[in-house]
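These notes are about the structure you will find just below.
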Amino acid sequence: MSTRRFALVDCNNFFCSCERVFNPRLLKVPIVVLSNNDGCIISRSQEAKNLGIPMGAPLHEQQEVIQKNRVHVLSSNYTLYGDMSARVMSILREEVSSVEVYSIDEAFLELPEKFDEKAASKLRAKVLRWTGIPVCIGMGTTKLLAKLSNHYAKKNHSYGGLFELENHPFSNDIMASTRTGDLWGVGKNLERRLQHLGMTTVLEFKNASPACIRKELGVVGERLLRELNGISCMNLEEIPPARKGVMASRSFGSSVESLEELEEALANHVARASERIRRFGLLASHLQVSLQTNRFKKEEPQYAPTIGHALLTPTASTSQLMNIARKMLHSIYRSGYRYKKTGIFLGGLVSEDSFQPSLFDIPVTNPRGDIDKICDAINKKLGDPKNPLITRASQGTKQSSKGWKMRSQRRSPRYTTDWRELPIARI
DNA sequence: TCTGGGGTCCTAGGACCC
DNA sequence: TCTGGGGTCCTAGGACCC
């Protein structure tokens with residue numbers, strides 16, 4: 001049997017690259033893209049990285065370097081990024097039959113035998129030419145090694161965006177100069193525990209005894225070790241496994257104290273979450289409502305309750321879920337706190353075609369279910385995902401909203417998904 | 001003033017059963 | 001005085017990811 005080979009294709013600075021495709025003024029200058037609520041920096045162009053702006057940093061901590069270097073700051077535009085991602089993925093599928101979409105900007109491929117460096121280089125060029133998005137490709141006999149190779153392809157520009165660690169004559173030297181924390185699946189905690197065992201570099205970890213790692217770090221550690229040694233333990237997941245739960249939450253633009261405003265914000269989250277499960281043909285059998293004060297404001301009293309509720313009969317009805325969620329919110333709400341966030345989690349998801357009805361259910365068709373489906377269809381056709389045309393009164397109106405709506409002050413147009421925001425070419 | 005959101009997997013521990 | 005052991009299922013919380 002021939003050895004399997006994987007590739008990890010990763011879009012470079014994905015959100016920034018998407019912005020640049022439609023706005024050439026952003027080329028060759030430092031740019032950053034912000035998280036929801038314009039809070040943290042979640043994507044940086046190479047020029048911004050070179051300025052030392054760290055990933056995940058709060059925007060307000062970087063104001064000085066941003067102003068001094070005239071860094072362009074953009075709010076996130078997930079509608080655009082989602083569409084660009086779909087374009088990249090469809091090109092990958094044209095070239096390779098086994099594709100696992102791992103995240104919005106990454107995909108694992110299982111490579112055919114004849115797929116060499118030349119083929120990888122061609123693939124890169126095609127994605128760039130057809131979408132405007134630059135990608136790096138890492139290859140290896142396991143997913144972990146492909147991911148690690150990708151890490152080097154991104155860091156070392158002389159590799160030309162391609163790398164295969166196992167083929168490299170100095171692979172041991174390279175691994176000896178890489179911290180274990182750079183490995184996929186090794187976070188702060190595992191890195192510290194490895195350090196306690198006397199291993200700081202990837203090479204030291206690679207040469208560790210499987211029995212020792214199993215004992216000290218459990219199955220998670222052993223799997224990493226084996227993958228690092230070329231024993232494939234992770235398969236390609238071409239068909240995404242069924243979703244376990246759906247969450248919808250947002251920080252508020254500013255603090256909120258009144259129950260009415262919290263209700264309005266939560267109603268919007270319930271609307272989004274229930275629309276999502278309907279889209280997947282799922283019903284929820286339990287839900288969780290959470291509330292949170294601003295954990296960064298140590299001087300303010302903190303309160304962060306979560307409450308769960310099981311449903312006798314699973315549902316995806318927006319109004320039904322809104323009603324229950326509102327009662328749950330009432331039961332955990334306490335006045336006198338300044339709240340920063342509320343959210344809903346829909347769990348115990350089952351398919352609408354095959355769920356276990358309650359013993360005590362009266363089998364009636366739910367007329368509201370039809371209303372939801374009609375609203376979904378209208379919103380899909382005429383609204384945009386962030387701003388649906390039809391909403392419930394409990395979700396408030398543009399005028400009624402006060403503090404809870406999130407900030408998004410520097411969003412670029414939805415170039416590819418909204419007729420009204422198409423780019424305009426002038427001759 | 002300002003500090004994201006949405007997931008998965010694993011483990012430990014309690015409840016419960018025989 | 002003496003008070004089992006092994007299994008499953010569920011949940012909460014931690015760790016990690018992008």
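Here is how names work: the chains are called A, B, and so on, in the same order as the sequence lines, proteins then strands, and each is numbered from 1.
Among the nucleotides B:dG4, B:dG6, B:dT3, the one closest to any side-chain atom of A:P58 is B:dT3. Taking the side chain of A:H60 as heavy atoms from C-beta on, and the options C:dC18, B:dT3, B:dG4, the nearest nucleotide is B:dT3. Distances from the side chain of A:S249 to the nucleotides B:dG5, B:dT1, B:dG4 place B:dG5 closest.
The existence of a salt bridge linking A:K147 and A:E227 is excluded, since no basic side-chain nitrogen approaches an acidic carboxylate oxygen closer than 4.0 Å. Salt bridge A:D38/A:R411: absent, no basic N to carboxylate O contact under 4.0 Å. With respect to A:E222 and A:R226, a salt bridge is recorded, a charged nitrogen being found less than 4.0 Å from a carboxylate O. For the pair A:K122 and A:E95, the salt-bridge criterion is not met [side-chain N within less than 4.0 Å of a carboxylate O]. Salt-bridge check for A:E216 with A:R193: failed, with every basic side-chain N at 4.0 Å or more from each acidic carboxylate O. Between A:K154 and A:E106, no side-chain nitrogen of the basic residue sits less than 4.0 Å from a carboxylate oxygen of the acidic one, so the salt-bridge criterion is not met. Ion pairing of A:D83 with A:R87 is present here, as a side-chain N (NZ or NE/NH1/NH2) and a carboxylate O approach within less than 4.0 Å.
A pairwise comparison of heavy atoms in A:L225 and A:K206 identifies CD1-O, 3.6 Å as the closest pair. What you find for A:P305 and A:Y303 is that their closest heavy atoms are CG-CZ, 3.4 Å.
For the side chain to side chain donor-acceptor pair (under 3.5 Å) test, no residue two or more places apart in sequence or in another chain qualifies with A:N150. For A:R420, the salt bridge (charged side-chain N to carboxylate O under 4.0 Å, His left out) partners at least two apart in sequence or on another chain are A:D418.
Taking side-chain N and O atoms only, A:R272 has no distance below 4.0 Å to OP1 or OP2 of B:dG5. Applying the 4.0 Å criterion to OP1 and OP2 of C:dC17, one finds that A:K147 has every side-chain N and O outside that range. A sub-4.0 Å separation between OP1 or OP2 of B:dG5 and a side-chain N or O of A:S251 is present. Between B:dT1 and A:R338, no contact under 4.0 Å exists linking OP1 or OP2 to a side-chain N or O. Residue A:R243 places at least one side-chain N or O closer than 4.0 Å to OP1 or OP2 of B:dG7. Note on A:K297: every side-chain N or O is 4.0 Å or more away from OP1 and OP2 of B:dT1.
The aromatic rings of A:F108 and A:W184 sit tilted, their planes meeting at an angle between 30° and 60°.
Considering A:K340, A:R338, A:R295 as possible partners of A:E300, the one that fulfils the side-chain hydrogen bond (donor to acceptor under 3.5 Å, both in side chains) test is A:R338.
Contacts of A:D38 with the nucleic acid, taken as non-hydrogen atoms under 4.0 Å apart, are absent. As judged by a 4.0 angstrom heavy-atom cut-off over every strand, A:E106 is placed among residues touching the sugar-phosphate backbone only. Nucleic acid contact class of A:A57 (heavy atoms, under 4.0 Å, all strands): none. Across all strands, A:G56 comes closer than 4.0 Å to no nucleic acid atom at all (heavy-atom distances).
Nucleotide B:dC2 holds its P atom 17 Å from the CG atom of A:N36, rounded to whole Å. Distance CG (A:L346) to C1' (B:dG7): 14 Å, rounded to an integer number of Å. Straight-line distance from the CZ atom of A:F15 to the P atom of B:dG5: 14 Å, rounded to whole Å. Rounded to an integer number of Å, the gap from A:I104 CD1 to B:dG5 P is 16 Å. Taking atom CD of residue A:Q302 and atom P of nucleotide B:dT3, one finds them 13 Å apart after rounding to whole Å. For A:K298 and B:dT3, the NZ to P distance is 13 Å, given to the nearest whole Å. As rounded to whole Å, 10 Å separates atom C1' of B:dC2 from atom CG of A:N294. Rounded to an integer number of Å, the gap from CD1 of A:I277 to C1' of B:dG7 is 16 Å.
In this structure a side-chain-to-backbone donor-acceptor pair under 3.5 Å is present from A:N379 to A:I390. Put simply, the side chain of A:E204 gets close to the backbone of A:T201: a donor and an acceptor are under 3.5 Å apart.
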Quiz item: Please walk me through it: do A:L148 and A:L8 pass side-chain contact (heavy atoms from CB on, under 4.5 Å)?
Solution: CA-CA 9 Å; A:L148 185 59; A:L8 179 74; over 6 Å; no

Using the 3.5 Å cut-off, write out each protein N or O paired with an N or O of nucleotides 8-11 of chain C and the distance between them.
none

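Each of A:K340 and A:A242 was assigned the nucleotide of DNA chain B with the nearest heavy atom; the assignment lying further toward the 5' end belongs to A:K340. Comparing A:M247 and A:N37 along DNA chain B, the residue whose closest nucleotide (by nearest heavy atom) sits nearer the 5' end is A:N37.
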Quiz item: So what's the dot-bracket for DNA chain C: Watson-Crick or G-U pairs under 3.5 Å, [ ] if a pair crosses, | if it pairs off-strand?
Solution: ....||||||||||||||

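Interface residues of residues 177-194 of chain A facing DNA chain B, ordered by number: none; criterion, heavy-atom separation under 4.0 Å. Of the residues in residues 211-235 of chain A, A:V219, A:V220, A:R223 come within less than 4.0 Å of DNA chain B through at least one heavy atom, sorted by number.
Nucleotides B:dC2 and C:dC18 place their P atoms 30 Å apart, quoted to the nearest Å.
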